[in-house]
Structure formats: C-alpha cells, structure tokens
2 protein chains.
Amino acid sequence: MHVRCTQCVLRRQPAFIQKSDEEVALIDSLKSEHMTVEAGVEFIHPEQADSELYTLFSGWAFRYKELSDGRRQILSFSLPGDLLGLQGTMFGKSVYGAIALTDIQLCVIPRRRLARLFERVPEVAYEVTWLGARSEAIVDENLLNVGRRGAAERIVALICSLYKRAEPLGLVVDGSFELPLTQQHIADALGLSLVHTNKTLARLRADGLFSISGGRLVVRNLRGLSRFAQHFEEEFVPRPII
Amino acid sequence: MHVRCTQCVLRRQPAFIQKSDEEVALIDSLKSEHMTVEAGVEFIHPEQADSELYTLFSGWAFRYKELSDGRRQILSFSLPGDLLGLQGTMFGKSVYGAIALTDIQLCVIPRRRLARLFERVPEVAYEVTWLGARSEAIVDENLLNVGRRGAAERIVALICSLYKRAEPLGLVVDGSFELPLTQQHIADALGLSLVHTNKTLARLRADGLFSISGGRLVVRNLRGLSRFAQHFEEEFVPRPII
DNA sequence: CGGCCGATTGAGTCGGATCAAGGTAGGTGG
DNA sequence: CCACCTACCTTGATCCGACTCAATCGGCCG
C-alpha cells in the first residue's frame with residue numbers, strides 16, 4: 001500500500017511546485033511509510049509526546065484544542081498536501097489534537113530524521129518552514145474570521161477558503177466538491193453553537209449562493225460569496241509539498 | 001546603536017536556550033543591523049512585498065489583520081525574543097501588518113540571507129522553524145480563546161498568557177509588569193467591543209484577582225486566574241533566540 | 001422494528017454590541 | 001496661567017445576534 005513519492009499523483013496537481021525526479025527520490029528516501037487512518041480517529045493526541053511529522057496524502061482532517069470543560073475549537077482543516085504535526089515534532093509534544101474527517105492516508109516523516117533533514121537537505125528544510133508559515137497564515141485567517149465576522153459571514157468565509165484550497169488540488173468538479181463536515185464541525189470551527197449554525201446555514205442556502213446536500217458543496221457564485229464575506233485572501237500560490 | 005549579539009543581554013534571560021560563543025558570533029554575522037521603531041508605527045504592512053525577518057530585541061508589538069470595512073483583529077502580541085515577519089519572508093509578501101506598541105528595537109535578518117542560512121547553518125534554520133511553530137501555537141491558543149471562552153474568561157486568559165510569557169524574560173517584578181495595551185488593543189485582540197471590554201475589566205478588577213493602573217499590570221493570584229480561565233497552557237520551555 | 005446520528009425548528013433568554021454621554025489627564029499654544 | 005484638544009477610560013440605556021433548552025424528523029444500520 002506504500003506509494004512511492006516518485007509515483008505520487010498528488011504532487012502533480014497544480015497546487016504544488018513541481019520537483020525534479022532527483023528531488024522527489026530524495027524526499028521519498030525521507031519517508032518511512034504510508035499510514036492509513038479511518039474517519040473519526042484521532043491520530044495526533046493533545047499532550048502526546050513524540051508525534052511524527054506527516055504529510056496528508058489523501059482525505060481531510062482537522063486540528064483542534066479544547067478546554068477542560070469540553071468546549072472544543074477546531075483550529076484548522078487539513079487538505080491533501082498539508083503538513084501536520086510540526087509543533088509536536090519541534091516541541092517534543094503536541095499541544096493540539098488531530099482527527100481524520102474521512103479515511104485518510106498519511107506519509108510519515110520520522111521525527112528523528114528531521115534534524116538530519118535540516119543538515120543534509122536545506123532546500124527541503126526550507127520548504128518545511130514554508131509550510132509551517134502557511135499553516136500559521138491559515139490560523140491567522142481563522143482567527144480574523146471568528147473574532148471579527150458575524151455568523152453568516154463566518155460560514156461564507158469558511159466556504160470560500162475551503163473552495164479556494166480544494167480547487168488547485170483538483171477536488172472541484174463543476175463548481176462542487178465533497179465536504180466531509182457535519183454542522184457540528186462547522187460550528188466548532190467558527191465558534192458558533194450548533195443550533196445557530198444550522199439556522200444560519202438554512203438562511204444562506206435560501207439565498208442561493210451555494211447549497212450543501214449529500215456531503216457535497218455546490219458553489220454557485222464564488223465571487224458573490226467572497227464579496228459578501230469580505231474574503232479576499234488566498235489567491236492561489238503554488239506551494240511546496242514534502 | 002548596533003548591539004552585537006555577543007554583547008546581547010536579552011539572550012542571557014532564562015527564557016532562552018543558551019548558546020556557545022561561536023554560535024552567537026555566527027548569528028551576529030547574519031544580522032544586518034538594529035533598527036528602531038517608535039511606538040504606534042507600523043513596521044510591517046499588509047500586502048507589503050519583501051519584508052525582512054526580524055527578531056524583536058526590546059519592547060512590545062502586535063500583528064493584526066483587518067477586513068475591508070475596518071474591523072480589526074489583533075492576531076498575536078510580540079515580546080522580546082520573538083521572531084516577526086516569517087510569513088512575509090517565505091511568501092514574498094506579508095499578509096498581516098505589525099505595529100509597535102512601545103518604542104522597539106528590531107534585529108534585522110535580511111530576507112536574502114535566509115536561504116543561505118538554511119544552507120550553511122542548519123541548526124539555526126531549525127530554530128527558525130521552531131520559532132515559526134511556536135508562533136503558530138500562540139495563534140492557536142488565541143483562536144481557542146476567542147472562539148470558545150466568554151468575555152471575562154478571555155480577558156483573564158490573555159493576562160495569564162502574557163504574564164507567563166513576560167516572566168522568563170525578566171519583565172515581571174513583584175508580580176507586576178508594564179502592559180502597554182489600551183483597552184482598544186485588548187478588545188481588538190479578543191474579538192470584543194471596546195465598551196464591553198471596559199465593563200468586563202471593571203468587574204474583574206473589583207474581584208481583586210489583578211489590577212491595572214498606570215500601564216502596569218499587577219497579578220495577585222496567577223493560580224486563581226488560570227483556574228478561572230481554564231488556562232493551563234504554556235508551561236515554560238526554554239526556547240531558541242536568533 | 002428500534003436505535004442512533006445528524007439535521008431541523010420553535011421558544012425564551014442573555015451576553016455582548018451599539019448608541020450616547022461624560023470624565024480625566026497630559027500636551028499645546030496663546 | 002489658562003483654554004483647548006486629543007486620547008483614553010467610564011457609565012447608562014437599549015437592542016439584537018447568538019445561545020440554551022426542548023422537541024421532532026429523516027436516514028441508515030443492525
């Protein structure tokens with residue numbers, strides 16, 4: 001079940017900076033192996049020591065933190081090509097949890113190989129840092145969203161941002177893509193209650209800018225959505241993949 | 001006015017991992033020079049191309065984003081030793097702004113030296129990545145705070161987190177330290193309105209767990225504050241400084 | 001069929017926003 | 001020395017968006 005990086009179809013997507021065969025072979029040598037996680041399973045635990053560094057190869061996941069009384073905040077969603085577990089790798093223990101939204105596959109870069117990577121392959125080390133910075137940029141955007149937008153705007157901004165990330169991955173077909181989120185996930189990501197999320201979604205759907213059915217999100221008017229939510233970030237930039 | 005890293009008193013603080021003289025000399029050679037910015041001045045602009053990488057040497061600053069209609073969200077506060085501008089350095093343009101809260105001094109690591117740094121000094125490159133991950137961890141925490149805590153808890157959690165960061169920098173004397181924030185800053189950081197921030201602060205002050213006067217924050221009962229806000233993060237870990 | 005999970009809807013409440021006035025202290029210029 | 005300005009803090013009244021509680025519904029699975 002181990003896909004060699006040299007055979008990897010994901011990295012051919014327009015989302016990613018294309019690498020030479022030698023570079024890809026080199027990255028391949030850094031990986032230990034693929035790992036499969038079923039939907040709903042937590043694969044990085046809060047407080048977990050010594051988590052590995054992962055590249056999400058297929059499927060969706062999310063990172064979250066929670067308070068001791070159970071209130072949960074989703075920090076960010078992860079799509080294919082995203083790096084996961086960098087904090088855990090750096091600090092020696094993770095401060096957030098990560099759960100698979102769909103069945104997923106992870107490419108594993110063993111924690112102990114990372115220092116070696118920095119020594120021997122500076123270009124790839126640079127890309128790790130790049131992806132770390134991008135990951136922060138996504139959280140920055142989420143914080144702006146939760147801190148300063150109203151409920152409807154928040155939902156729309158989330159949809160815009162996911163659409164714009166899914167698109168260069170080739171996940172969007174005819175303006176629609178699989179959205180493996182329950183309304184509870186959306187609420188947890190946006191700092192809203194489930195009930196209010198549901199009612200706001202219903203109102204937005206009635207406006208016809210988008211629709212969700214059967215786990216599929218259909219975006220009818222991305223421009224309109226972006227304007228409504230004042231969401232003008234994340235113009236597409238090809239990014240590294242490791 | 002250029003302080004050599006070899007003479008730097010900041011890096012002797014217990015907050016930081018101590019380096020050998022050779023390492024420090026090496027970092028010194030990476031810096032171009034010190035730069036001074038007055039309180040209130042924006043030194044990283046949203047959309048700015050080619051920002052440099054900075055280490056905040058003295059004073060406080062904050063990073064922010066805003067919506068086109070003016071609503072502003074403070075993403076994180078920066079204290080001495082923190083890295084600033086990594087996103088701008090990686091992506092070629094910054095997506096947030098940064099403003100000095102006090103007069104500050106910045107050590108400048110020229111953007112164009114960064115790739116060279118990764119090639120020649122992998123240990124320091126690793127530390128850049130480490131600090132980038134830490135920066136994300138701080139935003140993660142802020143997102144949890146804004147998304148899931150009530151107003152009073154938010155303020156208390158902010159105070160806890162700033163206290164715990166200021167302490168190992170030697171800024172805390174007798175349980176109190178300079179807090180160069182207006183209530184507007186606090187509101188912008190916590191996703192609250194100015195008025196509500198003011199009223200909530202008044203109520204909290206009356207409870208006597210802390211007090212603010214003359215730009216100085218006095219914490220009387222850190223344990224009590226932490227419990228109230230369910231803030232149990234950020235136990236102290238020595239960190240790199242560049 | 002029963003149980004479970006997710007989506008939905010209504011009623012009532014409340015936290016935090018907005019609007020509108022002050023108040024205070026430091027800073028400037030006549 | 002005083003009048004004025006500006007930046008920040010404070011307080012009261014009112015409103016509304018979002019929360020909680022509670023019930024129902026539909027689809028899926030054993």
Side-chain angles (χ1 to χ4, degrees), chain A residues 38-41 60 62 67 69-74 99 101-102 145-158 178-207 210-217 228-229, chain B residues 38-41 62 67 69-74 99-102 145-158 178-207 210-217 228-229:
Chain A
E38 278 177 27
V41 173
W60 290 48
F62 66 90
L67 299 177
D69 66 5
R71 283 175 282 179
R72 177 171 84 166
Q73 178 66 39
I74 291 182
I99 296 180
L101 280 164
T102 63
N145 199 16
V146 172
R148 285 296 169 219
R149 281 191 259 243
E153 293 172 302
R154 274 184 228 184
I155 291 176
V156 171
L158 175 65
E178 291 293 329
L179 187 71
L181 306 181
T182 66
Q183 295 185 352
Q184 185 68 65
H185 290 125
I186 297 176
D188 285 350
L190 300 180
L192 297 169
S193 73
L194 172 61
V195 174
H196 195 59
T197 301
N198 177 285
K199 289 173 179 170
T200 308
L201 265 173
R203 226 171 305 129
L204 285 171
R205 230 172 316 164
D207 291 347
F210 68 91
S211 65
I212 304 183
S213 67
R216 222 175 155 78
L217 170 71
F228 175 77
Chain B
E38 278 176 27
V41 172
F62 66 89
L67 300 177
D69 66 5
R71 283 175 282 179
R72 177 171 84 164
Q73 178 66 38
I74 291 182
I99 296 181
L101 280 164
T102 62
N145 199 17
V146 172
R148 285 296 168 218
R149 279 192 260 245
E153 293 172 301
R154 274 184 227 185
I155 291 176
V156 171
L158 175 64
E178 292 292 329
L179 187 72
L181 306 180
T182 66
Q183 295 187 353
Q184 185 69 65
H185 290 126
I186 297 175
D188 286 350
L190 299 180
L192 298 169
S193 72
L194 172 60
V195 174
H196 195 62
T197 301
N198 177 286
K199 289 174 179 171
T200 308
L201 265 173
R203 228 172 304 130
L204 286 171
R205 231 172 314 164
D207 291 346
F210 67 91
S211 65
I212 304 183
S213 67
R216 224 174 152 80
L217 170 70
F228 175 77

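Just so you know, these numbers come straight off a predicted model, no measurement behind them.
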When rounded to whole Å, the CZ to C1' distance for the pair B:Arg71 and D:dG17 reads 13 Å
C:dG15 phosphate, OP1 or OP2: any side-chain N/O from B:Arg154 under 4.0 angstrom?
-> no
- request: Kindly say whether A:Arg71 contributes a backbone atom to a donor-acceptor pair with the side chain of B:Arg148 at under 3.5 angstrom?
  value: no
B:Asp188 backbone acceptor or donor facing B:Arg72 side chain under 3.5 Å
no
CD of A:Gln183 to CG of A:Leu192, rounded to nearest 0.5 Å, is 11.5 Å
From CG of A:Leu179 across to P of C:dA7 the rounded distance in Å is 11 Å
note: B:Gln184, atom CD; D:dT10, atom C1'; distance rounded to Å ~ 14 Å
Is the shortest heavy-atom distance from the side chain of B:Arg205 to the side chain of B:Leu201 under 4.5 Å?
-> yes
Respond yes when some side-chain nitrogen or oxygen of B:Gln183 is under 4.0 Å from OP1 or OP2 of D:dA7, and no when none is. no
Per the under-4.0 Å heavy-atom filter, residues of residues 187-204 of chain A near DNA chain C come out as A:Val195, A:Asn198, A:Lys199
The reported gap from CZ in B:Phe228 to CG in B:Leu204 (rounded to nearest 0.5 angstrom) is 6.0 Å
Here the gap from B:Ile186 atom CD1 to B:Ile155 atom CD1, rounded to the nearest 0.5 Å, amounts to 6.5 Å
